[in-house]
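Taking it in order: structure first as structure tokens, then the write-up.
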Amino acid sequence: MPELPEVETVARGLALRMVGRTFAKVEQRRPDLRFPLPVDFARRLTGRSILAIRRRAKYLLIDLDDGQVVLGHLGMSGRMLVSDARPDILETHDHLVFTLDDGACVRFNDARRFGMMDLVPLAELDRHKLLRDLGPEPLGNEFNGPALAASLKGKKTPIKSAILDQKLVVGVGNIYASESLFRAGLSPKRIAATVQGERAERLATSIKQVLTEAIAAGGSSLRDYVQADGELGYFQHQWKVYDREGQACAGCDCDLAKTGGIRRLSQSGRSTFYCSRRQR
DNA sequence: CGGCGGTCCTGTCAGC
DNA sequence: TGCTGACAGGACCGCC
């Protein structure tokens, strides 16, 4: 499910319900997710109050009142399900069930179990194995054209693979990689090192725009969610190229029968979508 | 050292 | 209808 905008939306939605509340009950329904859960995970959370809920890269951070932080990742299929009360009947793959002191319930459901949770002292968070090598936040000022150009120097890998590398910039996943390259007019096959100067400027700007717009779309679906309750996560998507193989490219007035429209290719085992006419 | 492919796990869908 | 294989939004690890 989640790239940066989805995790951001989940974090904001959870914050609305959870900040200021206390974990009244925590049910751990299997010993492991992607990794074993920390020893006594449920017991160590019970009775703790929630100070803040944040995001770093695609990770969720839940700050507790005892100086510990819940570090979570939704993996590919992880979902947070929120309801006013704990359901009598849980769903398949509801691995963690959090009941709050106001009776509200948050469930972590993850079919593929690529998600994870850990409990880390706040003081050690930056040194955590999963966080210490992460690159800059794409929406921060430190990520810009010149910085991106510098990090791409010497890289022989295709630009699509490069921007999926979380050491280079965080938060861009398979969908928004295709979308950002389309907006920047860059071929996903282009050698990363050749994205310099104006091209790097365009790509950095496109990444920021694509992610910002997706967060805004998530915010509008959050309003519905807050009223309706239920799942936090993917919202309406209006992708320009992702999952649109064979369809006409928006803004390309070429003959679909001749060009074949949006193309799909496989790069290091993952699908990429692009318009060969508008992306060079 | 960088870059690529394999791998973890379950669900869904297309094709036969 | 039932089976099989491909594929799915992530990211670590080991190997070349």
If I take atom [atom1] in residue [X] and atom [atom2] in nucleotide [N], what distance separates them, rounded to the nearest angstrom?
| X | N | atom1 | atom2 | result |
| --- | --- | --- | --- | --- |
| A:Glu6 | C:dA8 | CD | P | 17 Å |
| A:Leu131 | C:dG10 | CG | P | 17 Å |
| A:Lys153 | B:dG3 | NZ | C1' | 20 Å |
| A:Asp133 | B:dC1 | CG | C1' | 14 Å |
| A:Arg270 | C:dA6 | CZ | P | 18 Å |
| A:Asp165 | B:dC1 | CG | C1' | 13 Å |
| A:His73 | C:dC12 | NE2 | P | 8 Å |
| A:Asp110 | B:dC8 | CG | P | 16 Å |

Out of [options], which nucleotide sits closest to the side chain of [X]?
| X | options | value |
| --- | --- | --- |
| A:Thr157 | B:dG3, C:dA8, B:dT10 | B:dG3 |
| A:Ser271 | B:dC4, C:dG10, C:dC7 | C:dC7 |
| A:Lys129 | C:dC12, C:dC7, B:dC9 | C:dC12 |
| A:Lys156 | B:dG3, C:dG10, C:dA8 | B:dG3 |
| A:Leu130 | B:dG11, C:dG10, C:dC12 | C:dC12 |

Pairing partner of B:dG15 (Watson-Crick or G-U wobble, both distances under 3.5 Å)
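Matched B:dG15 with C:dC3 under the 3.5 Å cut-off.
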Centroid under 5.5 Å and tilt under 30°, A:Phe114 to C:dA11
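No; by the centre-distance and plane-angle rule, A:Phe114 does not count as stacking on C:dA11.
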Using a cut-off of 6.0 Å, state whether more than 12 heavy atoms not belonging to A:Asp126 lie near its atom CG.
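At most 12 heavy atoms, drawn from other residues, nucleotides or ligands, come within 6.0 Å of this atom.
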More than 12 heavy atoms of other groups within 6.0 Å of A:Lys240 NZ:
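No.
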Can you tell me if the side-chain N/O atoms of A:His93 get under 4.0 Å from OP1 or OP2 in B:dC9?
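No, because none of the side-chain N or O atoms of A:His93 sits under 4.0 Å from OP1 or OP2 of B:dC9.
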Residue mapping more 5' on DNA chain C - nearest nucleotide basis, A:Arg264 or A:Leu134:
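Upstream on the strand: A:Arg264.
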When you measure from the side chain of A:Arg34 to the backbone of A:Arg113, do you find a donor-acceptor pair of N or O atoms at a distance under 3.5 Å?
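Checking the backbone N and O of A:Arg113 against the side chain of A:Arg34, no donor-acceptor pair under 3.5 Å is found.
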Counting the atoms with a prime plus P, OP1 and OP2 as sugar-phosphate, which does A:Ser161 contact under 4.0 Å by heavy atoms, base, sugar-phosphate, or nothing?
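Result for A:Ser161 = nothing.
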When we call it a touch if two heavy atoms are under 4.0 Å apart, what does A:Arg113 touch: a base, just sugar-phosphate, or nothing?
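Sugar-phosphate only.
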Same-atom distance (P) from C:dA11 to B:dC1, integer angstrom
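Roughly 23 Å separates the two P atoms.
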I'd like to check A:Lys160 versus A:Arg190 (side-chain heavy atoms, cut-off strictly below 4.5 Å). Are they in contact?
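A side-chain contact under 4.5 Å is absent here.
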A:Leu139 and A:Leu211: CA distance, side-chain angles, deciding distance, side chain to side chain contact (heavy atoms under 4.5 Å, CB included) verdict:
CA-CA 8 Å; A:Leu139 302 180; A:Leu211 296 178; 4.3 Å; yes
